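Every value quoted in this text rests on a predicted model; they were computed, and no experiment measured them.
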2 protein chains.
Amino acid sequence: MTDTPERPTSDQLTAADVQCYCPVGGVIDLLGRKYAIQVVCVVGAMQPARYTEIEAAFGEVSSSTLSTRLSELTEAGLLDREQRNTIPPEVQYRLTTDGAELCAVLEPLLQWVESRDPSG
Amino acid sequence: MTDTPERPTSDQLTAADVQCYCPVGGVIDLLGRKYAIQVVCVVGAMQPARYTEIEAAFGEVSSSTLSTRLSELTEAGLLDREQRNTIPPEVQYRLTTDGAELCAVLEPLLQWVESRDPSG
DNA sequence: CTGTATCCGCGGGGATACTG
DNA sequence: CAGTATCCCCGCGGATACAG
């Protein structure tokens, strides 16, 4: 309860109040990329998820795009990639703790999207 | 409780189970565009929101980009645009019922992003 | 004030071929 | 199986100028 003049007692938000409310770079930017949100949720639903399974979850994805997305999400600390050097090779993707938090927050979004536009 | 062979009793999800869980087009695509998520939440926080206020909430946006985003979101039925033909003209943006639902689901995401990456 | 119109560069993403 | 490498196109998005 300070008497800071910059923050009026009004409960009506102004532009200044939400100025810090708009992260544009970083994770938000990553999530804007194609399939990013869905990949997080798909991995969360299938854990552990293998590359081919993830690929199959999307009807049409080019391997390069999916590969890039997986790398980015792993790099961002949202996915954990574990490779087993067997023959044939086997890779398992899981959510990190951070990724799980994100997934929990993302799932309601996908639920809403589905309920609103069932045709995809 | 049918005996459908395609759906095993396993509680482990497979690719087939999440196949319908990955909407790619429509709203998700729109939300991938720059500032889209933030615009929804900013309008939700400021209602009613005027163009200049929204613009000010983002440090740097080109008018063309913001204008396009507002049009798209309005077209998608997420924003309601009300124009008053005064001089100077005044436009007020609000969330539609759908938009409010989306905003409610989006806000935890922005909260999480901020808490994870405070530097923006 | 609230945009639209135009031009244009950059990079995201698809297709394809190839590798450990 | 699980990708990477390469090429290339398209469309997003910025800058700028202009309009009602």
Side-chain angles (χ1 to χ4, degrees), chain A residues 14-15 22-40 42-43 46-76 79-94, chain B residues 14-15 22-40 42-43 46-76 79-94:
Chain A
T14 67
C22 309
V24 168
V27 189
I28 277 285
D29 196 59
L30 217 179
L31 293 177
R33 308 255 162 77
K34 208 165 188 180
Y35 308 114
I37 290 177
Q38 293 93 327
V39 165
V40 172
V42 163
V43 171
M46 300 198 308
Q47 288 184 85
R50 301 183 56 177
Y51 182 88
T52 307
E53 291 176 333
I54 301 173
E55 195 172 33
F58 302 88
E60 302 284 314
V61 213
S62 70
S63 58
S64 58
T65 300
L66 180 56
S67 176
T68 302
R69 211 79 326 131
L70 287 168
S71 298
E72 291 169 349
L73 293 170
T74 302
E75 175 72 15
L79 293 185
D80 178 49
R81 180 181 184 277
E82 183 183 356
Q83 176 162 7
R84 314 182 62 188
N85 287 318
T86 55
I87 295 183
E90 183 175 345
V91 176
Q92 298 188 337
Y93 288 96
R94 298 167 204 269
Chain B
T14 66
C22 310
V24 168
V27 188
I28 277 286
D29 196 59
L30 217 179
L31 293 178
R33 306 252 164 75
K34 208 166 189 181
Y35 308 113
I37 291 178
Q38 293 93 326
V39 164
V40 171
V42 164
V43 171
M46 300 198 307
Q47 286 183 87
R50 301 185 56 178
Y51 182 88
T52 306
E53 290 176 334
I54 301 173
E55 196 173 33
F58 302 90
E60 301 283 314
V61 213
S62 70
S63 59
S64 58
T65 301
L66 180 57
S67 176
T68 302
R69 211 79 328 129
L70 287 168
S71 297
E72 291 169 350
L73 293 170
T74 303
E75 175 72 14
L79 292 186
D80 178 49
R81 181 182 184 276
E82 183 185 354
Q83 177 162 7
R84 314 182 61 190
N85 287 319
T86 56
I87 295 181
E90 183 175 343
V91 176
Q92 299 189 337
Y93 289 95
R94 297 165 205 271

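- Axis angle across the helix from C:dC1-D:dG20 to C:dG20-D:dC1, with five pairs used at each end and values rounded to 10°: 60°.
- Atom-to-atom, CD of A:E72 to P of C:dG11 comes out at 14 Å; the value is rounded to the nearest Å.
- Look at CD on A:Q92: it is 13 Å from C1' on D:dA2, rounded to the nearest Å.
- Taking 4.0 angstrom as the limit, B:S62 places none of its side-chain polar atoms (N or O) nearer than this to OP1 or OP2 of D:dA15.
- Nearest-nucleotide positions on DNA chain D for A:S67 and A:P89 put A:P89 closer to the 5' end.
- Between D:dA2 and A:R50, a contact under 4.0 Å exists linking OP1 or OP2 to a side-chain N or O.
- Of all non-hydrogen atoms in B:L30 and B:A36, the two that sit nearest each other are O-CB, 3.4 Å.
- Counting only heavy atoms from C-beta on, B:P88 has its side chain closest to C:dC1 among D:dC1, C:dA15, C:dC1.
- A donor and an acceptor atom never sit less than 3.5 Å apart when one is taken from the side chain of B:T52 and the other from the base of C:dT2.
- When distances are taken from the side chain of A:Y93 to each of D:dC1, D:dA15, D:dG3, the shortest belongs to D:dG3.
- Rounded to whole Å, the distance from CD on A:E55 to C1' on C:dG13 is 15 Å.
- Among the nucleotides D:dT16, C:dT2, D:dG14, the one closest to any side-chain atom of B:S63 is D:dT16.
- If you check every strand for non-hydrogen atoms under 4.0 Å, B:T68 touches nothing.
- Distance NZ (B:K34) to C1' (C:dG11): 12 Å, rounded to an integer number of Å.
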(request) Before giving the answer on side chain to side chain contact (heavy atoms under 4.5 Å, CB included), spell out for B:I54 and B:V61 the whole-Å C-alpha distance, their side-chain angles and the decisive distance to 0.1 Å. (result) CA-CA 10 Å; B:I54 301 173; B:V61 213; over 6 Å; no

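- For D:dG13, one of the phosphate oxygens OP1 or OP2 lies less than 4.0 angstrom from a side-chain nitrogen or oxygen of B:R69.
- Ion pairing between a basic and an acidic side chain is recognised when a charged N comes within 4.0 Å of a carboxylate O; A:E72 and A:R69 show such pairing.
- In this model, the phosphate group of C:dG14 is approached by a side-chain N or O of A:T65 to a distance below 4.0 Å at OP1 or OP2.
- Within the 4.0 angstrom heavy-atom criterion, no nucleotide atom of any strand lies near A:R84.
- Distance, A:D29 CG to C:dG13 P: 10 Å, rounded to whole Å.
- Spacing between atom CZ of B:R33 and atom P of C:dG12 amounts to 15 Å, rounded to whole angstrom units.
- Counting to the nearest Å, the P atom of D:dT16 and the CG atom of B:L66 are 17 Å from each other.
- Note on A:Y35: a side-chain N or O is less than 4.0 Å away from OP1 or OP2 of C:dG14.
- The two residues B:E90 and B:T86 make their nearest non-hydrogen contact at N-OG1, 3.9 Å.
- Enclosure of atom CD in A:Q83 by more than 12 non-hydrogen atoms of other residues, nucleotides or ligands within 6.0 angstrom is indicated.
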(message) Checking B:V40 against B:L73 for the side chain to side chain contact (heavy atoms under 4.5 Å, CB included) test, could you report, in this order, the C-alpha distance in whole Å, the side-chain angles of both residues, the deciding distance, and whether it holds?
(response) CA-CA 8 Å; B:V40 171; B:L73 293 170; 4.1 Å; yes

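- Out of C:dT2, D:dG3, C:dG14, the shortest distance to the side chain of B:Y51 is found at C:dT2.
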(message) Before you tell me yes or no, could you show the steps for A:R33 and A:I37 under side chain to side chain contact (heavy atoms under 4.5 Å, CB included), namely the whole-Å CA-CA distance, both residues' side-chain angles and the distance that decides it to 0.1 Å?
(response) CA-CA 8 Å; A:R33 308 255 162 77; A:I37 290 177; over 6 Å; no

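- As a whole-Å value, the separation of B:I87 CD1 from C:dG3 C1' is 16 Å.
- Defined by atom type and a distance below 3.5 Å, a donor-acceptor pair is present between the side-chain atoms of B:S62 and B:T65.
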